[in-house]
Amino acid sequence: LRSGEDFRREPMRACLRGVVGERLNDSILDKVVRNAASTWTQSGHLRGRTLKIRHLVTPTPAAIAFALYIAHLMGYRGSELFCSKWISLLDCMPERCRDLALEAKRLGLLDMRIAGDVVEIHFHRLVSAG
């Protein structure tokens, strides 16, 4: 959805029905739609109690560090990390992602070196933090 658009349950339900077929009954499918809307509200992608409206997320340095880590695990490297689908899920443009990654570095969540167009990011701090 674009920012400002209504989240409509029926198209979501129809899409899910197309994927799962008859494996889920209607009440379970409705619950999946409700839970997804609730999760997206908690993540900041939707706002509103009854009528849910798409809202742009304001990512944090920690969220960006984790999204970069997932992208790294999926094979992205260098500046392409800033353009991965995990970053776009946070409604973050590559330039903003780079700034937030630098903030994540200052917070000790990752190690990053940038020289011109060359970007090197290491996640050993994030991985060993747990």
Side-chain angles (χ1 to χ4, degrees):
L1 296 175
R2 290 186 193 98
S3 181
E5 286 186 26
D6 295 346
F7 171 76
R8 296 181 4 242
R9 293 175 191 263
E10 191 50 44
M12 171 82 170
R13 190 175 183 280
C15 181
L16 286 170
R17 175 64 68 202
V19 172
V20 301
E22 297 301 317
R23 290 180 293 182
L24 300 178
N25 65 40
D26 288 341
S27 65
I28 297 296
L29 204 56
D30 288 337
K31 186 171 185 165
V32 170
V33 171
R34 280 193 313 275
N35 288 346
S38 174
T39 298
W40 292 331
T41 300
Q42 290 173 16
S43 71
H45 288 86
L46 296 176
R47 283 197 178 161
R49 183 160 172 81
T50 305
L51 177 63
K52 305 242 182 236
I53 307 291
R54 175 66 163 96
H55 183 74
L56 294 179
V57 175
T58 304
T60 63
I64 290 297
F66 190 62
L68 290 169
Y69 179 58
I70 294 171
H72 176 81
L73 292 175
M74 298 306 296
Y76 289 80
R77 296 293 182 267
S79 61
E80 70 180 1
L81 285 163
F82 301 136
C83 303
S84 76
K85 62 184 173 184
W86 291 274
I87 297 301
S88 66
L89 286 172
L90 295 173
D91 299 324
C92 193
M93 300 301 291
E95 304 80 33
R96 179 72 178 132
C97 179
R98 191 179 191 141
D99 293 341
L100 288 167
L102 286 169
E103 183 61 26
K105 176 185 176 185
R106 283 190 279 280
L107 293 171
L109 298 173
L110 51 81
D111 288 318
M112 183 168 76
R113 287 186 279 180
I114 299 175
D117 292 336
V118 178
V119 177
E120 188 177 310
I121 301 177
H122 296 280
F123 300 95
H124 64 272
R125 291 179 182 201
L126 186 65
V127 175
S128 64

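Just so it is clear, the model here is predicted, and its values are computed rather than measured.
Under the side-chain hydrogen bond (donor to acceptor under 3.5 Å, both in side chains) criterion, the residue pairs touching residues 68-82 are H72-R77, with sequence neighbours excluded. Residue pairs satisfying the side-chain hydrogen bond (donor to acceptor under 3.5 Å, both in side chains) criterion with at least one member in residues 103-113, sequence neighbours excluded, are listed as follows: E103-R106, D111-H124, D111-R125, R113-E120. Applying the side-chain hydrogen bond (donor to acceptor under 3.5 Å, both in side chains) definition to pairs two or more places apart or across chains, those involving residues 9-31 are R13-D26, R13-D30, R17-D26, N25-S27. A side-chain hydrogen bond (donor to acceptor under 3.5 Å, both in side chains) check over residues 83-102, counting only residues at least two apart or in different chains, returns the pairs R54-D91.
Atom CH2 of W40 sits about 11.0 Å away from atom CG of N35, to the nearest 0.5 Å. Rounding to the nearest 0.5 Å gives a distance of 10.5 Å between CG of L110 and NE2 of H122.
With sequence neighbours left out, S3 forms a side-chain contact (heavy atoms from CB on, under 4.5 Å) with L56. Every side-chain hydrogen bond (donor to acceptor under 3.5 Å, both in side chains) that T41 has, sequence neighbours left out, goes to K52. For R8, there are no side-chain hydrogen bond (donor to acceptor under 3.5 Å, both in side chains) partners, not counting sequence neighbours. By the ring pair (Phe, Tyr, Trp, His ring centres under 6.0 Å) test, H45 is found to be paired with no residue, residues two or more places apart in sequence or in another chain being considered. Qualifying side-chain hydrogen bond (donor to acceptor under 3.5 Å, both in side chains) partners for D6, counting only residues two or more places apart in sequence or in other chains: none.
Clustering of Ile, Leu, Val, Met, Phe, Trp and Tyr side chains at separations under 4.5 Å places L51 together with I53. Through direct or relayed side-chain contacts under 4.5 Å between Ile, Leu, Val, Met, Phe, Trp and Tyr, L107 connects to L109. When hydrophobic side chains of Ile, Leu, Val, Met, Phe, Trp and Tyr are connected at separations under 4.5 Å, M93 ends up as a singleton with no cluster partners.
Between I64 and C97, the closest heavy-atom pair is CG2-SG, 3.9 Å. The nearest pair of heavy atoms linking L100 to P61 is O-CB, 3.8 Å.
The cluster map of Ile, Leu, Val, Met, Phe, Trp and Tyr, joined by side-chain heavy atoms under 4.5 Å apart, puts L16 and L1 in the same cluster. Under a hydrophobic clustering in which Ile, Leu, Val, Met, Phe, Trp and Tyr are joined whenever their side-chain heavy atoms come within less than 4.5 Å, directly or via other members, M12 and L89 fall into different clusters.
Listed for the S38 side chain is no donor-acceptor partner under 3.5 Å among the backbone atoms of R34.
Between F7 and V33, the closest side-chain pair of non-hydrogen atoms falls below 4.5 Å. Counting only heavy atoms from C-beta outward, the side chains of L73 and F123 never approach each other to under 4.5 Å. Side-chain contact between H55 and L46 is absent, with no heavy atoms from C-beta onward closer than 4.5 Å. Residues I87 and P94 fail the side-chain proximity criterion, which asks for heavy atoms closer than 4.5 Å.
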Requested in this report: Begin from the C-alpha positions of F66 and T60 and carry the test side-chain contact (heavy atoms from CB on, under 4.5 Å) through to its verdict.
Outcome: CA-CA 10 Å; F66 190 62; T60 63; over 6 Å; no
